[in-house]
A.B. asks: 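Got a structure here, written out as structure tokens. Questions coming.
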Amino acid sequence: MQQSTTVTANGISKNASSKEAVTAFFEEEDYERARKYLTRFQTLMTYYKCAMYEIETKFKVLNEAFSPQLDRNPISSIKCRLKTPESIQEKLHSKGYHISLDTIEEKLNDIAGVRVTCSFIDDVYMLADALLMQDDITLIDRKDYIKNPKPNGYRSLHLIVIVPIFLPNEKQYVKVEIQLRTIAMDFWASLEHQLKYKKDVEFTEAMAKELYTCADISSKLDGRMNCLRKSVMSDYDSSTDEAQDDSLDSEDLDALSKTIERIKNQ
């Protein structure tokens, strides 16, 4: 059998067979290819992280800019989230996409996520409009789950935008998912996630119905608080409002109270 020199991880091994040499060569090639892929993936994640921080900074600036005119801060909190490699892989698999860096960039819009929690419904739209007016922001998609809630009762305003990031030797355009919601919407969404995905518990249709009821109650609270804000600011004229029923009766309040208490005790 023909002998050859083999390059291994520990150095050079002489007098190896051709088969062993080829095997070792491909092992080295696979390692090098994997190393380059990992480096490119880490670079891509850095782009998303920088874009996420860019959007976060923009909202912080808007929060301060609106503060003097509103005499309050419209933003209650800002949270950032970067998808993990495991989560990225799982989403690509669920959508039937081939796993590659190009696929990640082209097909996934929520690698970088920013969640903005506002005090009132009007703040959500005010901040969204102010962000989208900036000339370096490009809107890719807008889904208004406040005006058109999801079947389970979920409410939020979702924006997919492209924002430029400036690096030492380059400029990149990166997609970021933005969720804007009120405190009440965030409260409901957080508890819904905890309850629905609780381990070893079967989520029944009755539970789903109760969660939807709670979402409806939260929406009514948002509506009433928004009206109260307008009244306090002396810019509210009920005659200009579209007809809507945001009233909360004793059953609504009792149901919300019982649900909150039940969640606390779990």
Side-chain angles (χ1 to χ4, degrees), residues 37-70 72-92 95 97 99-146 154-183 185-186 189-190 193:
Y37 185 91
L38 179 59
T39 300
R40 287 179 58 206
F41 179 80
Q42 290 173 333
T43 300
L44 181 60
M45 291 301 104
T46 298
Y47 293 164
Y48 281 115
K49 186 181 294 185
C50 291
M52 184 176 66
Y53 292 156
E54 186 74 25
I55 294 296
E56 180 188 26
T57 300
K58 285 179 176 293
F59 276 114
K60 287 183 176 179
V61 170
L62 288 173
N63 192 41
E64 293 301 320
F66 278 119
S67 179
Q69 101 182 44
L70 298 176
R72 62 181 177 83
N73 291 114
I75 296 178
S76 174
S77 67
I78 303 174
K79 295 181 181 179
C80 297
R81 182 268 304 144
L82 193 69
K83 272 190 179 297
T84 63
E86 293 79 11
S87 181
I88 293 172
Q89 182 180 18
E90 182 179 339
K91 188 156 189 178
L92 288 175
K95 291 181 174 292
Y97 293 136
I99 297 179
S100 71
L101 295 179
D102 289 339
T103 306
I104 291 173
E105 289 189 85
E106 292 173 10
K107 302 298 184 181
L108 300 186
N109 295 328
D110 61 345
I111 302 297
V114 177
R115 180 180 300 155
V116 182
T117 305
C118 306
S119 301
F120 301 98
I121 295 176
D122 287 349
D123 295 337
V124 168
Y125 293 106
M126 177 187 71
L127 289 165
D129 291 343
L131 177 74
L132 296 177
M133 284 177 61
Q134 299 183 16
D135 57 15
D136 60 342
I137 294 291
T138 302
L139 178 65
I140 300 300
D141 190 30
R142 177 186 181 120
K143 293 181 180 177
D144 193 339
Y145 296 117
I146 298 176
Y154 173 87
R155 288 170 170 84
S156 279
L157 177 64
H158 287 202
L159 306 173
I160 304 296
V161 302
I162 292 180
V163 62
I165 58 171
F166 298 88
L167 303 165
N169 299 309
E170 60 179 325
K171 176 182 179 181
Q172 290 286 338
Y173 292 89
V174 186
K175 288 184 288 188
V176 179
E177 181 193 55
I178 303 168
Q179 298 176 359
L180 295 107
R181 58 178 63 159
T182 65
I183 296 171
M185 295 172 195
D186 188 60
S190 298
H193 183 79

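The figures here come from the full heavy-atom set of this structure, side chains too, leaving out hydrogens, waters and symmetry mates.
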A.B. asks: Output all residues satisfying side chain to side chain contact (heavy atoms under 4.5 Å, CB included) with Arg72, sequence neighbours left out; order by chain, then residue number.
C.D. replies: Leu70, Pro74, Ser119, Phe120, Asp123, Arg229
A.B. asks: Working to the nearest 0.5 Å, report the span between CE of Met52 and OG1 of Thr57.
C.D. replies: 10.5 Å
A.B. asks: For the atom pair CD (Glu56) and CD1 (Ile178), what is the distance rounded to the nearest 0.5 Å?
C.D. replies: 11.5 Å
A.B. asks: Ser87: which residues meet the side-chain hydrogen bond (donor to acceptor under 3.5 Å, both in side chains) condition with it, sequence neighbours left out?
C.D. replies: Lys83
A.B. asks: For the atom pair CD1 (Ile104) and NZ (Lys107), what is the distance rounded to the nearest 0.5 Å?
C.D. replies: 13.5 Å
A.B. asks: Under the salt bridge (charged side-chain N to carboxylate O under 4.0 Å, His left out) rule, collect the residues that match up with Lys91, sequence neighbours excluded.
C.D. replies: Asp110
A.B. asks: Give, for atom CZ of Phe41 and atom CD1 of Ile88, the distance between the pair rounded to the nearest 0.5 Å.
C.D. replies: 4.0 Å
A.B. asks: Going from CD on Gln179 to CZ on Arg115, what distance comes out if it is rounded to the nearest 0.5 angstrom?
C.D. replies: 5.0 Å
A.B. asks: For residues 59-67, which side-chain donor-acceptor pairs fall under 3.5 Å, sequence neighbours excluded?
C.D. replies:
{"residue": "Asn63", "atom": "OD1", "partner": "Ile75", "partner atom": "N", "Å": "3.0"}

A.B. asks: Just distance, no hydrogens or angles: give the donor-acceptor pairs under 3.5 Å from side chains in residues 156-175, sequence neighbours left out.
C.D. replies:
{"residue": "Ser156", "atom": "OG", "partner": "Tyr154", "partner atom": "OH", "Å": "3.2"}
{"residue": "Ser156", "atom": "OG", "partner": "Arg181", "partner atom": "NE", "Å": "2.8"}
{"residue": "Ser156", "atom": "OG", "partner": "Arg181", "partner atom": "NH2", "Å": "3.4"}
{"residue": "His158", "atom": "NE2", "partner": "Tyr154", "partner atom": "OH", "Å": "2.7"}
{"residue": "Glu170", "atom": "OE1", "partner": "Tyr47", "partner atom": "OH", "Å": "3.3"}
{"residue": "Glu170", "atom": "OE1", "partner": "Gln172", "partner atom": "NE2", "Å": "2.7"}
{"residue": "Glu170", "atom": "OE2", "partner": "Tyr47", "partner atom": "OH", "Å": "2.8"}
{"residue": "Lys171", "atom": "NZ", "partner": "Tyr173", "partner atom": "OH", "Å": "3.0"}
{"residue": "Lys175", "atom": "NZ", "partner": "Glu105", "partner atom": "O", "Å": "2.9"}
{"residue": "Lys175", "atom": "NZ", "partner": "Glu106", "partner atom": "O", "Å": "3.4"}
{"residue": "Lys175", "atom": "NZ", "partner": "Asn109", "partner atom": "OD1", "Å": "2.8"}

A.B. asks: Could you work out, with side chain to side chain contact (heavy atoms under 4.5 Å, CB included) as the rule, every residue matching Ser76, not counting sequence neighbours?
C.D. replies: Thr117, Ile183
A.B. asks: Could you give the distance from CD1 (Ile146) to CD1 (Ile121), rounded to the nearest 0.5 Å?
C.D. replies: 6.5 Å
A.B. asks: Filter on side chain to side chain donor-acceptor pair (under 3.5 Å), then keep only pairs touching residues 125-146, sequence neighbours left out; what's left?
C.D. replies: Lys58-Gln134, Lys58-Asp136, Tyr125-Asp144
A.B. asks: Applying side-chain hydrogen bond (donor to acceptor under 3.5 Å, both in side chains), can you list everything that pairs with Thr103, at least two apart in sequence or on another chain?
C.D. replies: Ser100
